[in-house]
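Note sheet for the following structure.
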Amino acid sequence: MKVLLKNDEQLSLADNATCMDAASAISEGLARNAVAAKVNGELCDLSKSLREGDKVEIVTLKDKEGLEVYRHTCAHVLAQAVKNIFPTCNLAIGPVIDNGFYYDIDFKTPITQEDFVKIEAEMTKIIKANTPITRFELPRAEALELMAGYGEKYKVELINDLPEDAVISFYKQGAFTDLCRGPHLPSTGKIKAFKLVSIAGAYWRGNEKNKMLTRIYGVAFAKKDEMQAYFEMLEEAKKRDHIKLGKELKLFALLNEGKGFPFFLPNGMVLKNTLVDYWRELHRKEGYVEIQTPIILTRTLWENSGHWDHYKDNMYTTKIDGEDCAVKPMNCPGGMLVYKLTPHSYKDLPLRMAEMGLVHRHEKSGQLHGLFRVRCFTQDDAHIFMLPEQITDEIKGVVRLTDTIYKQFGFKYKIELSTRPADSMGTEEEWNLATDALRKALDELGLEYEINEGDGAFYGPKIDFHLQDSIGRTWQCGTIQLDFQMPQRFDLEYVGEDGMKHRPIMIHRAIFGSIERFIGILIEHFAGKFPVWLAPVQVKILPITDRTADYAQKLCEELKAAGLRAECDMRNEKIGYKIREAKMEKVPYVVVVGDKEAEDGSVNVNKRGVEEKYTVSKDEFIATVVREDKEKIIF
């Protein structure tokens, strides 16, 4: 028989050949590195039999899917090891997560992280045995009988939720069998680097009414040096923790009186306002108009937008004059109302409306984390209303603007195109048009992107931007969502060139995403060492003696007159102490002035990150800092 490879080249194989046979026929090295396969786009085991005309792609650990298969197999090895050591425990679920996996387990006697040593030793023993992993399927009734025989009540519950005619898959490695959709590695010996890292409580199925299970987290990498690099990154991340640095640098506070509602302090407000000013400057240049919409709007509005049905559990509600209302979790419905206030012609479009809108979302207390997960935050939203023929150009314009902003902070990024989810609104034709428009814009810009099937917004497909920070972590920030639905739900119109009324198409987009979260990312990205243009205090002046106090004060005033943020430390402390403290505050420039500097109009400069001090004239120094601030230089 013949099958097709990724490049559409034909490959001849014996009838009933497997994906592993295909890998071996391509090359011995590929067969050695293969961990799974894609057949007609569906991820599967290497043992899967092929048919005439199948399209086959061999998956290795260089592929994202390959690492997911690898890490999922680690979860099964963890489950087997735990069952070997604690035979009375019951297994729940063990999915893949970023960089690793976890398994939820019901222990009769609680365990601690001290038990990890013996669990890891048992896992190593299972891996060294290089036990083959095989898949088999059973009808629902037999599957229930099998799992009930093992006493696995959580597996029985999962099977009971499946249709009666379902064929249910299991994976067996040695004496251990687990319910699983798969796929998995061909054998346990393929695992090279893993480590158990933490333990936590987790309600069964995420429902607080259910029993609390023990969740064991682990990480797994293709190579040991990759795992070592990961742990080194975690150590570096601890030093950069934005909650710790936010407190030390007096940027924001997290108080029990407002859980999930951060308090921004004077230094934090300087940083926040600097970001907003930069955002406004760019948006003015790009032809956006700025609006502001109310925080509280009526329930009927949220029902019309679809948020009441799709997002009600995350919304704060209240009554005003006897009418149900909700605090806005998103800005877009308010933007629809602003559009409707004025009749529009095709000549008015595209109309780009931007809003720095404060939104509130009800997050569970256990999910709150610093500025990364809060209950209120400022979205840098924009809604672009346009003609169908303007879609591609407008999307390209947003992508270019996003690229400009991310590069300004030194971020690299990856792009993801997310398609129609299960709970979507609208027709398949509308979704196909919207998805094709996003894809076309990215293709015309020559940008690489990944497809994230089924993860679009409920009203339209989206482009997401995943930033990579200075220590290699990724953060999802920017998004571009193409929406055919909301203009229909709000009956938006414009008069076309033909004199008839038409429906505009709209883009929802954010670049920072959440100003608060973006600030948290920046704190960790720069480790609190903000470039001059972002630093709350750009220059700190330290007079050595009282004799130079006047010169220091005059210098401070000149810096402020030049538009810079400067402070003068006049405390009666030793100069060494004041220098160390200023460095702890991560001020970009610490200037020391003594009798000599006061006499000749110079400054002794301690530049952050540079060991050597140097002396220049105060005018030259001011000009340098002004240039770095104006040009937004990152060092």
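Only this structure's heavy atoms are used, side chains among them; waters, hydrogens and symmetry mates stay out.
- Taking every heavy atom of both residues into account, G520 and L371 meet most closely at N-CD1, 3.9 Å.
- Using a 4.5 Å heavy-atom threshold, the side chains of V82 and F107 count as touching.
- For the pair R71 and F101, the NZ or CZ position fails the cation-pi test of under 6.0 Å to the six-membered ring centre and within 45 degrees of the ring normal.
- For R181 (side chain) and S169 (main-chain N/O), no donor-acceptor pair under 3.5 Å exists by modelled atom type.
- A donor-acceptor pair under 3.5 Å is formed between the side chain of R608 and the backbone N or O of F530.
- The aromatic rings of F518 and F512 are tilted relative to each other, their planes meeting at an angle between 30° and 60°.
- Taking all atoms of both residues into account, the shortest heavy-atom contact from V532 to P588 is CG2-CB, 3.8 Å.
- No more than 12 heavy atoms of other residues, nucleotides or ligands lie within 6.0 Å of NZ in K414, so this atom counts as exposed by the packing criterion.
- Taking the side chain to side chain donor-acceptor pair (under 3.5 Å) definition, one finds that K328 meets it with T293, N331, E355, sequence neighbours left out.
- Annotation: the span from F409 atom CZ to I634 atom CD1 amounts to 7.5 Å, rounded to 0.5 Å.
- Between D309 and K312 there is no salt bridge, since no side-chain nitrogen of the basic residue lies less than 4.0 Å from a carboxylate oxygen of the acidic one.
- Side chains of D464 and I415 form no contact here, defined as non-hydrogen atoms less than 4.5 Å apart.
- Looking at heavy atoms from C-beta onward, C477 lies in side-chain contact with Y406 at the 4.5 angstrom threshold.
- The distance from the NZ atom of K244 to the CD1 atom of I523 is 12.0 Å, given to the nearest 0.5 Å.
- Residues H362 and R375 meet the side-chain proximity criterion, which asks for heavy atoms closer than 4.5 Å.
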task: I would like to know whether Y311 and M330 meet side-chain contact (heavy atoms from CB on, under 4.5 Å); could you show each step before the answer?
output: CA-CA 10 Å; Y311 212 76; M330 294 169 187; 4.0 Å; yes
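- Taking the side chain as every heavy atom from C-beta outward, E157 and R205 approach each other to under 4.5 Å.
- In this structure, E585 and E581 have side chains that are in contact, with non-hydrogen atoms separated by less than 4.5 Å.
- Among all heavy-atom pairs drawn from L61 and A222, the shortest one is CD1-CB, 3.6 Å.
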message: Could you walk me through whether Y150 and K155 satisfy the side-chain contact (heavy atoms from CB on, under 4.5 Å) test, starting with their C-alpha distance in whole Å, then the side-chain angles of each, then the deciding distance to 0.1 Å, before giving a yes or no?
response: CA-CA 10 Å; Y150 285 135; K155 306 291 183 181; over 6 Å; no
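- Cation-pi geometry between K272 and F264 is met: the NZ or CZ atom falls under 6.0 Å from the ring centre, inside 45° of the normal.
- In this structure, CG on L185 lies 3.5 Å from OG1 on T73, to the nearest 0.5 angstrom.
- One finds no salt bridge joining K172 and D178 here, because no Lys/Arg side-chain nitrogen approaches an Asp/Glu carboxylate oxygen to under 4.0 Å.
- Within a 6.0 Å sphere centred on CD of E145, other residues, nucleotides and ligands contribute 12 heavy atoms or fewer.
- Remark: I168 CD1 to L138 CG distance equals 8.0 Å, nearest 0.5 Å.
- Between D21 and S24, the side chains place no donor N or O within less than 3.5 Å of an acceptor N or O (distance only, hydrogens not considered).
- Judged by distance alone, the side chain of R140 and the main-chain N or O of A166 form no donor-acceptor pair under 3.5 Å.
- Between the side chain of R373 and the backbone N or O of Q367, no donor-acceptor pair lies under 3.5 Å.
- Salt-bridge annotation for K238 and E524: absent, with no side-chain N of the basic residue lying under 4.0 Å from a carboxylate O of the acidic one.
- Within 6.0 Å of CG on D161 lie more than 12 heavy atoms contributed by other residues, nucleotides or ligands.
- Shown here is K48, whose NZ atom has no more than 12 heavy atoms of other residues, nucleotides or ligands within 6.0 Å.
- Between the side chain of N99 and the main chain of A220, no donor-acceptor pair closer than 3.5 Å is present.
- Shown here for K578 and E573, the closest heavy-atom pair between the two residues is CE-O, 3.7 Å.
- Distance check, rounded to the nearest 0.5 Å: CE of M123 to CG of N84 gives 11.5 Å.
- P95 is not listed as a side-chain neighbour of H72, based on a closest heavy-atom distance of 4.5 Å or more.
- Minimum heavy-atom separation, C44 to A36: O-CB, 3.5 Å.
- Taking the side chain to side chain donor-acceptor pair (under 3.5 Å) definition, one finds that N40 meets it with D54, sequence neighbours left out.
- Note on E57 versus K6: salt bridge recorded, some NZ/NE/NH1/NH2 to OD/OE distance being below 4.0 Å.
- In this structure, the ring of H242 has its center less than 6.0 angstrom from the ring center of H369.
- With a 6.0 Å radius and a threshold of 12 heavy atoms from other residues, nucleotides or ligands, K607 has its NZ atom above the threshold.
- E226 and Y230 are not linked by any side-chain donor-acceptor pair at a separation below 3.5 angstrom, with hydrogens and angles left out of the test.
- Under the 3.5 Å distance criterion, with hydrogens and angles disregarded, a donor-acceptor pair is assigned to the side chains of Y171 and D45.
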message: Could you walk me through whether K209 and W204 satisfy the side-chain contact (heavy atoms from CB on, under 4.5 Å) test, starting with their C-alpha distance in whole Å, then the side-chain angles of each, then the deciding distance to 0.1 Å, before giving a yes or no?
response: CA-CA 9 Å; K209 294 179 181 178; W204 168 233; over 6 Å; no
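- For the residue pair T419/E453, the side-chain donor-acceptor check at 3.5 Å is satisfied.
- For K574, the NZ atom sits in a loose shell: 12 or fewer heavy atoms of surrounding residues, nucleotides or ligands are nearer than 6.0 Å.
- Shortest non-hydrogen contact noted between Y217 and A200 is CE1-CB, 4.1 Å.
- Under a 4.0 Å N-O distance rule, the pair K118/E120 does not qualify as a salt bridge.
- The backbone N or O of G29 lies less than 3.5 Å from a partner atom in the side chain of N33, making a donor-acceptor pair.
- Listed for the D469 side chain is a donor-acceptor partner under 3.5 Å among the backbone atoms of G472.
- The six-membered or imidazole ring of F252 lies away from that of F263, with a centre-to-centre distance of 6.0 Å or more.
- Looking only at distances, a side-chain donor or acceptor of D380 sits under 3.5 Å from a matching main-chain atom of G513.
- With values rounded to the nearest 0.5 angstrom, T134 atom OG1 is found 11.0 Å from H184 atom NE2.
- Put simply, the side chain of R240 gets close to the backbone of H525: a donor and an acceptor are under 3.5 Å apart.
- Considering only heavy atoms from C-beta on, E363 stays 4.5 Å or farther from V374 through its side chain.
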- request: Give the C-alpha distance, both sets of side-chain angles, the deciding distance and a yes or no for side-chain contact (heavy atoms from CB on, under 4.5 Å) between I58 and K38.
  value: CA-CA 6 Å; I58 304 302; K38 280 184 180 177; over 6 Å; no
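- Side-chain atoms of R32 and S27 form no donor-acceptor pair, as typed in the model, at a separation below 3.5 Å.
- T378 and E516 are linked by a side-chain donor-acceptor pair at a separation below 3.5 angstrom, with hydrogens and angles left out of the test.
- Within 6.0 Å of atom CE in M584, 12 or fewer heavy atoms from other residues, nucleotides or ligands are found, so the atom counts as exposed in its surroundings.
- In this structure, the side chain of S424 does not engage the main chain of R420 through any donor-acceptor pair within 3.5 Å.
- Within a 6.0 Å radius of NZ in K583, no more than 12 heavy atoms belonging to other residues, nucleotides or ligands are found.
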